[in-house]
Amino acid sequence: MAVLTLDLIILYGPPSQSTAPAVHQRDSSLTGAVTAPTQAVPQVAPLGKLHAPNLFVVTPKPFTNELLRKVAKQGGVRALELADAATVTIDGKQVPTLGVDPSTFRAYTPKVTARADALWNRLAAGDLAVSFVLGTDGGLSLNRQVSAAGGSLRVGAYATTGFGTIDAIVSKQTGRTLGLPRGNALIVSAPSADSSALRRSLLKVLPKGTQVATVNPVVPAPTAFSGSFMSRDQLLVALKAAISKLGRPYVWGAEGPNTFDCSGLVQWAYAQAGVRMPRVTHQQWVAGVQVPLKDAQPGDLIFWRHDPTNPGYISHVAIYWGNGQMLHAPRTGDVVKLAPVTTRNLAGVVRVNPAAASRVR
């Protein structure tokens, strides 16, 4: 942990000189529900109790108190955090972005990030925090001024939340300048509930068009693994599709057919074989069953945890090619290539189950 904390410290830029925005009062029954703004304060509130995030919900319209009560009444729900979510253009990229109250939202992030007072103070002061992958592989380096709606923002920190495909966070006040809608996103902590079952329940009580993604899924103990693995023909099609893209450039967020990021390459190649894969790495991690690296077969997926801001997060994926080789889209400035398998920060190997993959949300 000491090493991870040291790594995180160097992932900050110097403090912003801007003034911290107003911190909002919160509904005592629902964490993060916004009422009236209070006087501006120089720093965010100290970290309180941590909450494990399990579901990330985005609705077509802002949450009402009635909808929030419906969510709060679901079995197993322990805490809620209201936020603002939309995809916005940052540095010419379409970036899923979350506007948050730094004082309360920090409690839903990984411990090493939640404890980082400097990060949250910079966010409150108007800086932008981006995911580790967007920062290192997408070119949004620390301290850089990037273009956005309403002006420019400084990249003040790296912080991977793991909520859906969110790759940037700002304060709610900064989010207003970006045009984020108010209160259309909700983080749900329900550590004792079956995440899949709770997701289904929420979709029944929330408006049509609501999207619910699992975060750190809580599932019942497995009995028998349902469904079957990919057929030999499917594997051949997926592998041929992937190898046909050798030399194509890595572009953060790209899904093909001419440019790819790591998970975009996996999703595109397996789609050619009729397998519906989820889009991002931490979702692809649960698209099958884990097998030992020594038993890996061509077409299995290999995953790594490289992100010091969220040590448990799956941040990279490659396709096992055989004979100790993997096919992957590495990072900005590189191309789709074959390379030796590396075991540094290895998370594990997954054998894809098409039925399981299609159910991941």
Side-chain angles (χ1 to χ4, degrees), residues 93-96 131-140 160 162 164-165 167 229-231 233-288 290-291 293 296-307 313-354 356-358 360-361:
K93 300 175 175 65
Q94 295 298 299
V95 181
S131 68
F132 185 72
V133 171
L134 177 55
T136 57
D137 295 346
L140 269 66
T160 302
T165 58
D167 276 290
F229 300 113
M230 294 174 64
S231 68
D233 288 343
Q234 283 180 310
L235 287 169
L236 287 174
V237 170
L239 290 169
K240 286 180 179 178
I243 200 71
S244 74
K245 299 303 177 180
L246 281 178
R248 298 297 174 89
Y250 175 102
V251 174
W252 176 87
E255 302 174 353
N258 297 313
T259 57
F260 300 89
D261 64 14
C262 66
S263 56
L265 176 64
V266 169
Q267 185 186 52
W268 181 87
Y270 285 71
Q272 310 315 301
V275 178
R276 180 182 173 184
M277 290 290 291
R279 174 62 183 89
V280 293
T281 52
H282 70 277
Q283 293 175 324
Q284 294 174 355
W285 170 246
V286 292
Q290 294 183 37
V291 297
L293 178 60
Q297 298 175 5
D300 289 346
L301 301 180
I302 313 176
F303 295 87
W304 292 263
R305 295 184 173 102
H306 291 312
D307 188 342
Y313 188 74
I314 301 295
S315 56
H316 189 63
V317 61
I319 301 169
Y320 186 64
W321 191 255
N323 297 320
Q325 296 285 302
M326 63 184 183
L327 178 66
H328 69 148
R331 64 187 64 83
T332 294
D334 212 332
V335 298
V336 175
K337 62 169 57 172
L338 282 168
V341 173
T342 174
T343 57
R344 179 177 176 269
N345 298 328
L346 179 71
V349 180
V350 168
R351 186 154 298 155
V352 174
N353 175 292
S358 68
V360 178
R361 298 289 186 274

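Numbering starts at 1 and runs along the sequence shown.
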**Student:** If you take all heavy atoms of Trp285 and Arg305, which pair is closest and at what distance?
**Tutor:**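 Scanning both residues, the minimum pair turns out to be CZ2-NH2, 4.1 Å.
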**Student:** Does any pair with a residue in residues 239-262 pass ring pair (Phe, Tyr, Trp, His ring centres under 6.0 Å), and if so which ones, sequence neighbours excluded?
**Tutor:**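 Every ring pair (Phe, Tyr, Trp, His ring centres under 6.0 Å) pair that includes a residue of residues 239-262, provided the two are not neighbours, is Phe260-Trp268.
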**Student:** Just by distance, do the side chain of Ser315 and the backbone of His306 share a donor-acceptor pair under 3.5 Å?
**Tutor:**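 Indeed, once roles are kept as given, a pair shorter than 3.5 Å links the two residues.
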**Student:** Work out which heavy atom in Gln284 is nearest to a heavy atom in Gln267; give both atom names and the distance.
**Tutor:**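 What the structure gives for the nearest pair is NE2-N, 4.0 Å.
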**Student:** How close do Gly288 and Ala356 get, counting heavy atoms only, and between which atoms?
**Tutor:**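 The answer is N-CB, 4.5 Å.
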**Student:** Mind checking whether Gln297 and Val291 have side chains closer than 4.5 Å, heavy atoms only?
**Tutor:**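 Not touching, per the 4.5 Å side-chain cut-off.
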**Student:** Side-chain contact, heavy-atom cut-off 4.5 Å: Phe303 with Gln290?
**Tutor:**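 When only atoms from C-beta onward are counted, Gln290 and Phe303 do not touch, as no gap falls below 4.5 Å.
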**Student:** Looking at side-chain heavy atoms only, is the closest gap between Thr160 and His282 below 4.5 Å?
**Tutor:**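 No; the side chains remain at least 4.5 Å from each other.
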**Student:** Heavy atoms, side chains only, cut-off 4.5 Å: are Leu301 and Tyr270 in contact?
**Tutor:**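 A side-chain contact exists here, since the closest heavy-atom pair is under 4.5 Å.
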**Student:** Do Cys262 and Thr281 have side-chain heavy atoms sitting under 4.5 Å apart?
**Tutor:**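 A side-chain contact under 4.5 Å exists here.
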**Student:** Search all heavy atoms of Pro278 against all heavy atoms of Ala357 and return the closest pair with its distance.
**Tutor:**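 Reported closest heavy-atom pair: CD-O, 3.6 Å.
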**Student:** Pair up each side-chain donor or acceptor in residues 318-329 with any protein partner under 3.5 Å, not counting sequence neighbours, and list the distances.
**Tutor:**
| unit_1 | atom_1 | unit_2 | atom_2 | d |
| --- | --- | --- | --- | --- |
| Tyr320 | OH | Asn323 | N | 3.3 |
| Tyr320 | OH | Gly324 | N | 3.1 |
| His328 | ND1 | His316 | NE2 | 2.9 |

**Student:** Just to verify, what does Arg331 make a salt bridge (charged side-chain N to carboxylate O under 4.0 Å, His left out) with, not counting sequence neighbours?
**Tutor:**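 If we apply the salt bridge (charged side-chain N to carboxylate O under 4.0 Å, His left out) test to Arg331, skipping adjacent residues, the hits are Asp334.
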**Student:** Can you find a pair of side-chain heavy atoms, one from Lys240 and one from Gln272, that are under 4.5 Å apart?
**Tutor:**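 Lys240 does not reach Gln272 side chain to side chain.
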**Student:** Looking only at heavy atoms, which two atoms of Ala347 and Ile314 are closest? And how far apart?
**Tutor:**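 Shortest heavy-atom separation between Ala347 and Ile314 comes out as CB-CD1, 3.6 Å.
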**Student:** I'd like to check the side chain to side chain donor-acceptor pair (under 3.5 Å) partners of Ser131; sequence neighbours left out, ordered by chain and number.
**Tutor:**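 Only Asp167 meet the side chain to side chain donor-acceptor pair (under 3.5 Å) criterion with Ser131.
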**Student:** Distance-only criterion, 3.5 Å: show the donor-acceptor pairs between side-chain atoms of residues 241-249 and protein atoms not counting sequence neighbours.
**Tutor:**
| unit_1 | atom_1 | unit_2 | atom_2 | d |
| --- | --- | --- | --- | --- |
| Ser244 | OG | Ala241 | O | 2.6 |
| Lys245 | NZ | Pro257 | O | 2.9 |
| Arg248 | NH1 | Pro257 | O | 3.3 |
| Arg248 | NH1 | Asn258 | OD1 | 3.0 |

**Student:** What pair of heavy atoms forms the shortest contact from Ala238 to Ala273, and how long is it?
**Tutor:**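 Heavy atoms only, the tightest pair is N-CB, 4.0 Å.
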**Student:** Considering only heavy atoms from C-beta outward, does the side chain of Phe229 approach that of Gln234 to under 4.5 Å?
**Tutor:**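 No, side chains not in contact.
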**Student:** Holding to salt bridge (charged side-chain N to carboxylate O under 4.0 Å, His left out), I want the full list of residues that pass it with Arg279, two or more places apart in sequence or in another chain.
**Tutor:**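 Partners of Arg279 by the salt bridge (charged side-chain N to carboxylate O under 4.0 Å, His left out) criterion, ordered by chain and then number, come out as Glu255, Asp261.
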